[in-house]
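For reference, the structure discussed in these notes is given below.
Bear in mind that the values here come from a model prediction, so they are computed numbers and not experimental data. Counting starts at 1 for both ligands and their atoms, following the listed order. Residues: numbered from 1 along the sequence shown.
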Amino acid sequence: MAGNKTFSMIKPDAVAEGNTGAILKMIEDAGFKIVAMKKTLLTKERAGQFYEVHKERPFYEDLRSYMSSGPIVALILEKENAVADFRKLIGATDPAKAEEGTIRKLFAKSIEANAVHGSDADETAENEGSFFFSHTERF
Ligand code: CMP
């Protein structure tokens, strides 16, 4: 059975440019319920922990710096088939390859500053949600 929750972050570039509201509207219009939401600033260390799976990648250092360069908005989202449907809504990691009408096509600046994050699997979604939210912060 497909899980019904995913985790997302609105990244520093999108928050700084005032795109938080527009992105949240697209998320809600696509049928996702916002279960938890928090605006926060990651330290470089915490950004590194969040993206630990990428620590051998050449972009890891840059990614840590970028993700701690300004506040982000963390979200737990609920919908049937949430992980796959959300990845469809945000589009490809590289905005040059993202489909028309996707969040990244509309708001991403580059493959790194790509406006939003979306979990890649149900188990990742659970772990990433728990990185930011306690169970008393989910409604
Ligand atoms: P995200 O989906 O949050 O997962 C890992 C992030 O690393 C990705 O979005 C981008 O922000 C960044 N990233 C992935 N690939 C590259 C790349 N080739 N160069 C720079 N940053 C990347």
[atom]: nearest protein contact (heavy atom, Å):
atom                    : result
atom 3 (O) of ligand 1  : Y51 OH, 2.6 Å
atom 17 (C) of ligand 1 : F59 CD2, 3.5 Å
atom 2 (O) of ligand 1  : R104 NH2, 3.2 Å
atom 11 (O) of ligand 1 : E112 O, 2.8 Å
atom 9 (O) of ligand 1  : K11 NZ, 2.9 Å
atom 10 (C) of ligand 1 : I111 O, 3.2 Å
atom 12 (C) of ligand 1 : L63 CD1, 3.8 Å

If you measure every N/O of T93 against every N/O of ligand 1, is any gap under 3.5 Å?
->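 No; every N/O pair is 3.5 Å or more apart.
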Say whether Y66, considering both its backbone and side-chain N or O atoms, lies within less than 3.5 Å of an N or O atom on ligand 1.
->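 Y66 vs ligand 1: no N/O contact under 3.5 Å.
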Heavy-atom distances under 4.0 Å decide this one: backbone, side chain, both or neither, for [X] against ligand 1?
X   : result
R57 : neither
R87 : neither
M9  : neither

Donor-acceptor pair, side chain of [X] and main chain of [Y], under 3.5 angstrom:
X    : Y    : result
S8   : L75  : no
T102 : A98  : no
Y60  : Y51  : no
R104 : V116 : yes

Hey, mind stepping through N4 and K79 against side chain to side chain donor-acceptor pair (under 3.5 Å) and telling me if it holds?
-> CA-CA 5 Å; N4 66 346; K79 183 185 182 295; over 6 Å; no
Given F7 and F132, is the ring pair (Phe, Tyr, Trp, His ring centres under 6.0 Å) satisfied, shown in steps?
-> CA-CA 10 Å; F7 172 81; F132 285 95; 5.3 Å; yes
Which ligand 1 atoms, with their elements, are less than 4.0 angstrom from a heavy-atom of N114?
->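 So the atoms of ligand 1 that pass are 8 (C), 9 (O), 10 (C), 11 (O).
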Which value, rounded to the nearest 0.5 Å, describes the distance between L89 atom CG and T6 atom OG1?
->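 With rounding to 0.5 Å, CG (L89) is 10.5 Å from OG1 (T6).
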Just how far is it from atom CD of E45 to atom CZ of R64, taken to the nearest 0.5 Å?
->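 If I round to the nearest 0.5 Å, the distance is 8.0 Å.
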Could you give me the CA-CA distance, side-chain angles and deciding distance for F32 and F86, then say whether ring pair (Phe, Tyr, Trp, His ring centres under 6.0 Å) is met?
-> CA-CA 8 Å; F32 291 87; F86 192 69; 5.4 Å; yes
